[in-house]
Amino acid sequence: MLKKDWHKFPVLFNLYIAQSIPMSFFSTVVPVIMRQENYSLESIGLFQLVKLPWIIKFLWAPLIDNTARTNKELRRWIIFSEIFYAIVILSVSLFNLETDFNTIVVFIIIALMASATQDIATDAFAILVLKKQERSLGNSVQSAGSFIGSLFGTGVLLIAYEYFGWHALLALLAIFVLISIVPLILYKQKKTEVQTVKRAGFLDIFRFFGQRKMYKRIFILLFYYSGLIGILAMIKPYLVDLGYSPKEIGVMSGIVGTSVAAICAFVAGFIIRKIGREKAMYLFLVLSFMTGAYFYFLTQTDTPELWQLYLGIVLVWGAYGLSSVVIYTTSMDVVRKGREGTDFTIQIVLTHLSGIIVAIGCGRLGDRLGYEGIFAVEATLSLFALVILFFALKGVNYDEA
């Protein structure tokens, strides 16, 4: 299957890791630097709004579908977005974080808009170049690239910042982004025309939700991750309250956890190919429930041992890596012809919005019920997601060729 056209996988890997590293740096490392520069917690909190382009990117996804009718045209979108992304990152390096903070925030938002645009075009490109039987492996590459990018963006670059400083590090990031599009430029494939359909428009966003049985898919997207997101959001505060230092937590969750997620994301593609999409969806949800139950039982111990905490971290990040691949793969399966970028983007944005709601809700629950209550709720949400999946899959077959 992969003998003649295996090059598409490293191309996709490069593109996803390129968008992930700078984004992770801006959203997680910059707040650390801001705190070192004595910015207020309120300013640091508001800085998270720079990720807004990745939440609203579905608004301009129809534009890309409308103007990119071939794989060649999608490649142009990707290359243009990456070059513009690199230029903006390089521009940010020219400013001083202490004196030009507001200007830097504006440029970072513009940079993440370019990154989000690249993501839309890359997802559409991946859907078109990947055969149905290749999508599980393709999404393993996508997810693994994103997790590895996050690992470098949040861990390695924070260390590199101490040695290179703000200006040099961002210049290196810009160069890396440019280098990442070289495999795409060199990649040659047969010209594939997008099927002849009506021109995409803004109303296609709403028409997506009006498709037959699409409400079932929406329920899956809203609840599939619900039993994991709260744990991921609360695990660092949980470790802090257990007495672990930021450095220890960075190793445990940031390095070990993200590495496990990347490995499991890669393995997930082979599991999905072996047992099918629907069985994989059930299997990964059962693992999510086991993860919630495990963390609940951890709270029954006053001081969990280090190995027990590492096991929990492996479970939650592993389940998240596996779940990401099956959601991405099945999301590709239900896109409309000529609306690949729009439909895939809408589905992934729905999971992000659901995750934000769950994370906020678990934070509020934590003040009232403690970690024991949070983890119990998370396990219950995984069971609820299993029930939803059972009914949502009736009359829908993701494993059909």
Side-chain angles (χ1 to χ4, degrees), residues 14-55 57 78-119 145-182 236 240 245-255 257-259 262:
N14 268 285
L15 292 175
Y16 285 114
I17 200 171
Q19 68 181 219
S20 180
I21 290 181
M23 185 177 67
S24 298
F25 175 80
F26 286 136
S27 62
T28 60
V29 177
V30 171
V32 174
I33 299 172
M34 288 172 64
R35 193 55 179 164
Q36 290 178 338
E37 300 292 340
N38 296 317
Y39 279 88
S40 68
L41 293 176
E42 181 181 2
S43 297
I44 294 173
L46 290 173
F47 182 78
Q48 295 303 313
L49 291 175
V50 299
K51 293 186 287 186
L52 187 61
W54 275 74
I55 300 297
K57 62 182 179 178
I78 296 169
I79 292 169
F80 174 79
S81 299
E82 284 289 89
I83 293 174
F84 184 71
Y85 191 24
I87 291 172
V88 178
I89 292 173
L90 187 61
S91 299
V92 173
S93 72
L94 301 177
F95 296 97
N96 191 298
L97 192 60
E98 293 183 27
T99 59
D100 306 308
F101 176 70
N102 291 335
T103 304
I104 287 174
V105 168
V106 172
F107 272 87
I108 289 176
I109 291 173
I110 295 172
L112 294 188
M113 287 183 68
S115 175
T117 302
Q118 186 258 42
D119 183 60
S146 296
F147 285 124
I148 292 173
S150 296
L151 173 63
F152 275 85
T154 59
V156 175
L157 292 189
L158 184 58
I159 298 173
Y161 170 74
E162 299 293 331
Y163 293 94
F164 294 101
W166 173 259
H167 305 288
L169 185 58
L170 286 180
L172 290 173
L173 268 179
I175 294 171
F176 170 77
V177 169
L178 289 175
I179 292 174
S180 69
I181 60 175
V182 173
K236 290 181 181 178
V240 169
S245 68
K247 182 179 179 180
E248 291 171 319
I249 295 170
V251 173
M252 295 166 73
S253 183
I255 297 179
T258 310
S259 299

Who pairs with [X] by side chain to side chain donor-acceptor pair (under 3.5 Å), at least two apart in sequence or on another chain?
X: Ser93; value: none
X: Ser259; value: none
X: Ser146; value: none

Applying side-chain contact (heavy atoms from CB on, under 4.5 Å), can you list everything that pairs with [X], at least two apart in sequence or on another chain?
X: Ile79; result: Ile83, Ile181, Leu184, Ile185
X: Phe95; result: Asp100, Thr103, Ile104, Phe107
X: Thr99; result: Asn96
X: Ser81; result: Trp77, Thr117, Gln118

Nearest-0.5 Å distance, [atom1] of residue [X] to [atom2] of residue [Y]:
X: Ile108; Y: Phe26; atom1: CD1; atom2: CZ; value: 5.0 Å
X: Ser20; Y: Phe152; atom1: OG; atom2: CZ; value: 11.0 Å
X: Leu112; Y: Ile55; atom1: CG; atom2: CD1; value: 11.5 Å

Return the minimal non-hydrogen interatomic distance between [X] and [Y], and the atom names on each side.
X: Gly153; Y: Ser24; result: CA-CB, 3.9 Å
X: Val50; Y: Pro53; result: O-CD, 3.0 Å
X: Ile148; Y: Ala262; result: CG1-CB, 3.8 Å

*Any Leu157 side-chain heavy atom under 4.5 Å of Ile21 side chain*: yes
Determine all donor-acceptor pairs shorter than 3.5 Å in which one atom belongs to a side chain in residues 170-177; sequence neighbours excluded.
none

Item to complete: Would you confirm whether Ser91, through its side chain, and Ile87, through its main-chain N or O, come within 3.5 Å as a donor-acceptor pair?
Response: yes
Output, in order, the C-alpha distance, side-chain angles, deciding distance and verdict of side-chain contact (heavy atoms from CB on, under 4.5 Å) for Val92 and Trp166.
-> CA-CA 9 Å; Val92 173; Trp166 173 259; 3.6 Å; yes
Here the side chain to side chain donor-acceptor pair (under 3.5 Å) pairs for residues 168-181, sequence neighbours left out, are Glu82-Ser180
Residues passing the ring-ring contact (aromatic ring centres under 6.0 Å, His included) test with Phe101, sequence neighbours excluded, are Tyr39
Taken in chain and number order and not counting sequence neighbours, the residues that satisfy ring-ring contact (aromatic ring centres under 6.0 Å, His included) with Phe84 are none
Residues pairing under salt bridge (Lys or Arg N to Asp or Glu O under 4.0 Å) where one sits in residues 103-119, two or more places apart or in two chains, turn out to be Lys57-Asp119
query = Stepwise, does the side-chain contact (heavy atoms from CB on, under 4.5 Å) test hold for Ser115 with Trp54?
reply = CA-CA 8 Å; Ser115 175; Trp54 275 74; 3.2 Å; yes
